[in-house]
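To keep things clear, I will list the structure first and then write my remarks on it.
Each chain gets a letter, A, B and so on, in the order its sequence line appears, and its residues count up from 1.
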Amino acid sequence: MKYWLMKSEPDEVGIDHLVADPATPVPWFGVRNYQARNFMRDQMQQGDLVLFYHSSCAEPGVAGVVRVASTAYPDATQFDAGSHYFDPKSTPAEPRWLNVDVLLVAKTRFLPLQAMREDPVLEGMQVLKRGNRLSITPVDPAHWAHIANLIGFKG
DNA sequence: GCCAACGTTGGC
DNA sequence: GCCAACGTTGGC
């Protein structure tokens, strides 16, 4: 059982999209970075807990908790020529990109990025490192426990 | 809109 | 295989 942080742009899929239909698994499509893909392929397991993070928006930060609800499988958007995520170099026989599904666990108290940066306990978190662009990062258990406490998540 | 960081591409 | 140019991410 591992802990993760996954970034989503709320304009595309925000925590309220999941709240609106909480029983339906949401494919985490659109990952086009090998390191992030490999995390999903090699390390994620069903049941892993994930901090749902809003990025590229007015108020970046942790907005909720989701859990991994599938193993990794080919990302359908890579084959869709009309999709922003279309990859002409990928084929169904040898799909390059994968995604997992996630399910809402809870929308929580919002934890702004700024508060995370100012918190000495969270120093060293991968997502806070300068220049970090990875959309999926592991979260170590001590950081998870602290954040869970801050957002009022009891899991 | 700016800029730092860094992954990808393509010429050689 | 090197590496400069380019594109993307993402906070500000």
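For residues 127-145 of chain A, the pairs satisfying side-chain hydrogen bond (donor to acceptor under 3.5 Å, both in side chains) are A:D140-A:H143, with sequence neighbours left out. Identified under the side-chain hydrogen bond (donor to acceptor under 3.5 Å, both in side chains) test for residues 55-77 of chain A, with sequence neighbours left out: A:R32-A:D75, A:R32-A:T77, A:Y73-A:N99, A:Y73-A:D101, A:D75-A:T77. Sorted by first and then second residue, the side-chain hydrogen bond (donor to acceptor under 3.5 Å, both in side chains) pairs involving residues 2-20 of chain A (not counting sequence neighbours) are A:W4-A:D48, A:E12-A:Y85, A:D16-A:K107.
Under the side-chain hydrogen bond (donor to acceptor under 3.5 Å, both in side chains) criterion, A:Q114 pairs with A:E118, sequence neighbours left out. With sequence neighbours excluded, the residues that form a ring pair (Phe, Tyr, Trp, His ring centres under 6.0 Å) with A:Y34 are A:W97. For the side-chain hydrogen bond (donor to acceptor under 3.5 Å, both in side chains) test, no residue two or more places apart in sequence or in another chain qualifies with A:D80.
Against DNA chain C, the stretch residues 81-95 of chain A makes no heavy-atom approach under 4.0 Å. For DNA chain C, the neighbouring residues in residues 51-59 of chain A, judged by any heavy atom under 4.0 Å, are A:Y53, A:S55, A:S56. If you check residues 108-138 of chain A against DNA chain B, the residues with a heavy atom closer than 4.0 Å are A:R130, A:G131, A:R133, listed by number.
Between the CZ atom of A:R96 and the CD atom of A:E94 there is a distance of 10.0 Å, given to the nearest 0.5 Å. We find the OG1-CD1 distance between A:T108 and A:I15 to be 7.0 Å, quoted to the nearest 0.5 Å.
Put simply, the side chain of A:V65 reaches to within 4.5 Å of the side chain of A:L49, judged on heavy atoms.
Cluster partners of A:V121: none. The rule joins Ile, Leu, Val, Met, Phe, Trp and Tyr whenever side-chain heavy atoms lie under 4.5 Å apart, and it links nothing here.
Scanning both residues, A:I136 and A:A36, for their nearest heavy atoms gives CD1-O, 3.9 Å.
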Residues 146-155 of chain A side chain polar contacts: donor-acceptor under 3.5 Å, at least two apart:
residue: A:H146; atom: NE2; partner: A:D119; partner atom: OD1; Å: 3.4
residue: A:H146; atom: NE2; partner: A:D119; partner atom: OD2; Å: 2.6

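Protein chain A contacts DNA chain B over a range whose 5' and 3' limits, counting nucleotides with an atom under 4.0 angstrom from a non-hydrogen atom, are B:dA4 to B:dT9.
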